[in-house]
Amino acid sequence: MAKRACLRYAIDKRSGCNEISAGVLAVYRLLQVLCFGLMFASGAVVRANNDQPLPNFIVIFCDDLGYADIGPFGAEGYQTPNLDRMAKEGMKFTDFYVGRSFCTPSRAALLTGCIPTRVGIGGNFGPRSTTGLNPDEMTIAEVLKQKNYATAIFGKWHLGHLPKFLPTNQGFDEFFGLPYSNDMWPFHPEQQRVHFPDLPLYEGDKIINPKVTPEIQKTLTRRLTERAVEFIDKNKEKPFFLYLPHPQPHVPLFASEKFLKKTKRGLFGDVLTEIDWSVGEILGALKRNKIDERTCVVFTSDNGPWLLYGNHAGSAKPLREGKGTNFEGGFRVPCLMRWPGRIPAGTVCREVCSTIDLLPTFARLAGAPLPKNKIDGKDIAPLMFQHPGAKSPHPVFYHYDGRNRLVALRSGKWKLMFPQSYGSPIPGKDGRPGKRVSKTIPLSLFDLEKDIGETTNVAEKYPEVVQRLMAAADAMRKDLGDGPKAGPGRRPIGR
Ligand code: MG
């Protein structure tokens, strides 16, 4: 009514009725006051809604950390008390998958919510790559930017090191760390063969040190952690997305002086002890800033252990093989999530979920629109919050390899692997790689419930399961294609 009166006055003005009687003026003033009152009241409601703080998201993404490399998943020879606490206060995911069993594509999957093949990414990028994650793809950081999140990445990027592909052009306000893997440098044990240039260290889009030395690598876990804590302190009043992709425990292994020679497991155990310390610092910063209950922390890995490096690699026990293969040891990683008051404490989720689910889940929780392009990830909040009857949103989960071939499918307890060759390692020692022996498997079906180690092929015993999964594979091929034969759903890599 007040609105109508105001409008009426405006119409009167437009029609030249400038003379207003004292009575009319008094009524108008009264209405004006009412108008203001209503505006103020509705404004207060808007503020109240906006005052519901949006959740913060922290993703701690280790490099080449195996399924059994942290306490809650059975680590041996060293302790991870902070990760143990994180599991006790949160949820452990036993069937959590990455988008591919090595670095670059796994990171693309995490940040875009897509099977890496969908965003055109096959193998790893190196120092001489001219490609990168296509800036047209939306990353988690860009999705959350729609809701004014502060965003930062401290650690290893590995999605293209040319300026247009750097994190600061992919939704991140801050970047401190390495452009690609920490072994792509002149100290590589096979440098004679691979000829890596110097490894640079970045701050934003600038190289702040063109030549990372072993002494600098030793400091990285500590410095990345300090930057993460600083970022949390600075942004405690506003929603933030903090991405902490540790370059460790990818070889070459490095830990700060004060963590060296502290565990029975040697340098690998020392590195893990420092990563665990880092988790403790981050959880401590959340508590100190009293933002524990509006912060979701995810701890996971980009792929399984690099078994070729023997005692400098982690363990995927009881899973088969490790990094670079399509067995569970390559794709299945340890995962913990903690969010006091939202994720029930001390719980376990055995449903299939994946790093590709983080983007749509965070988007939903932040009320941010999803990317316009198709993504493969699904909202797993119902699993995180233990809604009654919540199930995996992936009736079938698809594994594509570095050559964009559809190599395996997981559906419930079943895993179908197409005939393929793989490199089975003869482990090396003390930072030197061993050798790979090429092996092959025929079309194989594994019952992961009874046979988590993928030891017994039951394809002949369950032909109807094989047939159903073959049909699911065909449906996916119509979308993403298979190998060099690209489907219509495959989008271009950044060039
Ligand atoms: Mg990796």
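Whatever order the structure lists them in is the order used to number ligands and atoms, beginning at 1.
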Trainee: Can D401 and R100 be counted as an ion pair, charged N to O under 4.0 angstrom?
Mentor: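 No, no charged N to carboxylate O under 4.0 Å.
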Trainee: Thinking salt bridges, do E226 and R223 make one under a 4.0 Å N-O criterion?
Mentor: no
Trainee: The Mg ion (ligand 1) to N303: any N/O/S contact under 2.8 Å?
Mentor: yes
Trainee: Do you know which N/O/S atom name in D64 is closest to the Mg ion (ligand 1)?
Mentor: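 The Mg ion (ligand 1) is closest to the D64 atom OD1, counting only N, O or S.
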Trainee: Relative to the Mg ion (ligand 1), which of the N, O or S atoms in D302 is the closest?
Mentor: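 Relative to the Mg ion (ligand 1), the closest nitrogen, oxygen or sulfur of D302 carries the name OD2.
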Trainee: The Mg ion (ligand 1) is nearest to which N, O or S atom of D63?
Mentor: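 Output for this pair reads OD1.
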Trainee: Salt-bridged, R320 to E328, with N to O below 4.0 Å?
Mentor: no
Trainee: Backbone N or O of N82 within a donor-acceptor pair of the D276 side chain at under 3.5 Å?
Mentor: yes
Trainee: Using a distance threshold of 2.8 Å, state whether an N, O or S atom of H250 lies below it from the Mg ion (ligand 1).
Mentor: no
Trainee: For the pair K261 and D270, find out whether any cationic side-chain nitrogen is under 4.0 Å from an anionic carboxylate oxygen.
Mentor: no
